[in-house]
2 protein chains.
Amino acid sequence: MNDTNAMPAIHTVVALFTIRERLEFLRLDAERGRLPVGALLPGEGLEACARRALWTATGIEDVFLEQLYTFDGEQAGAQAIVAYYALAPCERLPIRRPGVGWADPAEVTTLLAEEHQIIVQRACERLAGKLEYAPIAYQFLAERFTLGELQAVYEIIGRQALDKRNFRRRMHASAHLVETRDVRRNGPHRPARLYRLRDTQPAVAG
Amino acid sequence: MNDTNAMPAIHTVVALFTIRERLEFLRLDAERGRLPVGALLPGEGLEACARRALWTATGIEDVFLEQLYTFDGEQAGAQAIVAYYALAPCERLPIRRPGVGWADPAEVTTLLAEEHQIIVQRACERLAGKLEYAPIAYQFLAERFTLGELQAVYEIIGRQALDKRNFRRRMHASAHLVETRDVRRNGPHRPARLYRLRDTQPAVAG
DNA sequence: ACAAAAGTGTTTTCACTACACCCATGG
DNA sequence: CCATGGGTGTAGTGAAAACACTTTTGT
């Protein structure tokens, strides 16, 4: 795995995000802190490589995954680094491995190797931008969710508080929501109606 | 340049667009029709490789260039294909080479090898999308231009006619325009005021 | 009873649309 | 003088913003 013949490989890197109170990304403790990386195998697709990288590091499967950007690979000893971002609700992420944990994107400069900082930053920007026109917020929620939960996702990714009534009007108008018959009782307050995402294809890569 | 050791290389592909009456892309006659392709050299950056590919095929330099998407490279005999799109005003493109010409994006299916069709299509979509929030239209114009020319670019990329007065209001409000003192006399009608792009960085990759 | 989140309408504001005429020039 | 594209303002409409109270529950 070194100087056989110039730089041999393409790497994929994955920034996995979830929301637990705040937006967090998955970080490996190694060195200064790193994102999961995979080396492309012969015959392997890029996205498959990214999923494998994530699975190898964490055991996580079946997350929403989208290409972010492709970087020069010099400093990492590769020809190119294809970066992805992944989204998943925190309940689906049973991370109980040493050296794997969550971190705050605002602290990438102290928590992450330099080459990987830009990936987390750009992913956050992309997320905030896409929030407006693509149904990515639902990727952070379970199959059924309340409007309060959905609003929290929008507020956290968009980094600003939203008006509850305007938000609900907007969501109902968006035609992504399907109301279910059930409610969730969750504490000392009125139960919340549960919704699910209308089952058209949730997003298109690109 | 063949089977020494599995698939050795990363390729870059460039779809160069310009506007001459219509939106057109640069096409090489070879085979069914191809886009300029470059193989990444050791130590070379991806964007540099894309620029070199374009330069080698056409002699064109110094165009606006932005990454589009990275594809699996199997069918092209590469590990990955990093696609770029480039924009330039047609005056700056002195193409007088055999086997190099312009083509209509609407006819990619007949004019272009299958692997390259998707690149032109996605680039067109990205262009139409970015038009709304990024100052890419100016990349098709000379340094100084008229509002009529600018509107034509918007109409061609956005594929719809626009109201002249609303368009001008919108552009003036956008703060990208700087009015110059000069006008252009161009035919049997009133001369048109010339504008230039306000000199902040024109766009950010991503 | 009270604390805590769920749920609900109306008014205002602002950006976008539609729309028609005069201006300056070259031939 | 006429054909051609350059240039201008106003009224209407629809989407988003601002804003406060009642409902239902667990403790």
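Because the structure is a prediction, the values reported are computed rather than measured.
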Point to revise | A:Asn166 side chain, from C-beta outward: closest of C:dA24, D:dA17, D:dG6 | key: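 Comparing C:dA24, D:dA17, D:dG6 against the side chain of A:Asn166, the answer is D:dA17.
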Practice item. Please tell me which of the listed nucleotides, C:dA18, C:dA6, C:dT25, lies nearest to the side chain of B:Arg185? Key: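 Selected nucleotide: C:dT25.
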**Study point:** Along DNA chain C (nearest heavy atom to each residue), the more 5'-positioned of A:Val183 and A:Arg169
**Key:**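 Going by which nucleotide is closer to the 5' end, it is A:Val183.
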Review point. Has the side chain of B:Arg198 got a donor or acceptor atom that lies under 3.5 Å from a matching backbone atom of B:Ala175?
Key: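 Checking the backbone N and O of B:Ala175 against the side chain of B:Arg198, a donor-acceptor pair under 3.5 Å is found.
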Point to revise | Backbone N/O of A:Leu162 and side chain of A:Gln151: donor-acceptor pair under 3.5 Å | key: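 Side chain of A:Gln151 to backbone of A:Leu162, a donor-acceptor pair under 3.5 Å: yes, one is there.
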Review point. Is A:Asn186 side chain donor-acceptor paired with the C:dA5 base, going by distance under 3.5 Å alone?
Key: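 There is none.
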Review point. Ignoring hydrogens and angles, does a donor from either the side chain of B:Asp163 or the base of C:dC16 sit under 3.5 Å from an acceptor on the other?
Key: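 Between C:dC16 and B:Asp163, which were checked side chain against base, a qualifying N/O pair under 3.5 Å is absent.
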Check your understanding: Between B:Glu66 and B:Lys130, does at least one N-O distance fall below 4.0 Å, as a salt bridge requires?
Key ->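 Yes, this pair counts.
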Point to revise | Basic-acidic side-chain contact under 4.0 Å: A:Arg52, A:Glu44 | key: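 Salt bridge: yes.
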Practice item. Could you pull out all residues at least two apart from A:Pro89 that satisfy side chain to side chain contact (heavy atoms under 4.5 Å, CB included)? Key: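 Here the qualifying residues are A:Glu91, A:Arg92.
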Interatomic distance where [atom1] belongs to [X] and [atom2] belongs to [N] [whole Å]:
X        : N      : atom1 : atom2 : value
B:Leu177 : D:dG7  : CG    : P     : 12 Å
A:Lys164 : D:dA17 : NZ    : C1'   : 17 Å
B:Arg165 : D:dA11 : CZ    : C1'   : 12 Å
A:Glu149 : C:dG7  : CD    : P     : 11 Å

Which atoms of nucleotides 2-4 of chain C (N or O only) lie under 3.5 Å from a protein N or O atom, and what are those distances?
{"residue": "C:dA4", "atom": "N3", "partner": "A:Pro188", "partner atom": "O", "Å": "2.8"}

Practice item. Just call it for A:Arg193: base, sugar-phosphate, or nothing, with non-hydrogen atoms closer than 4.0 Å on any strand. Key: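 The residue A:Arg193 makes sugar-phosphate contact but no base contact.
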Check your understanding: Taking all atoms of both residues into account, what is the closest heavy-atom pair of A:Glu115 and A:Ile118, and its distance?
Key ->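 Of all heavy-atom pairs spanning A:Glu115 and A:Ile118, the closest is O-CG2, 3.5 Å.
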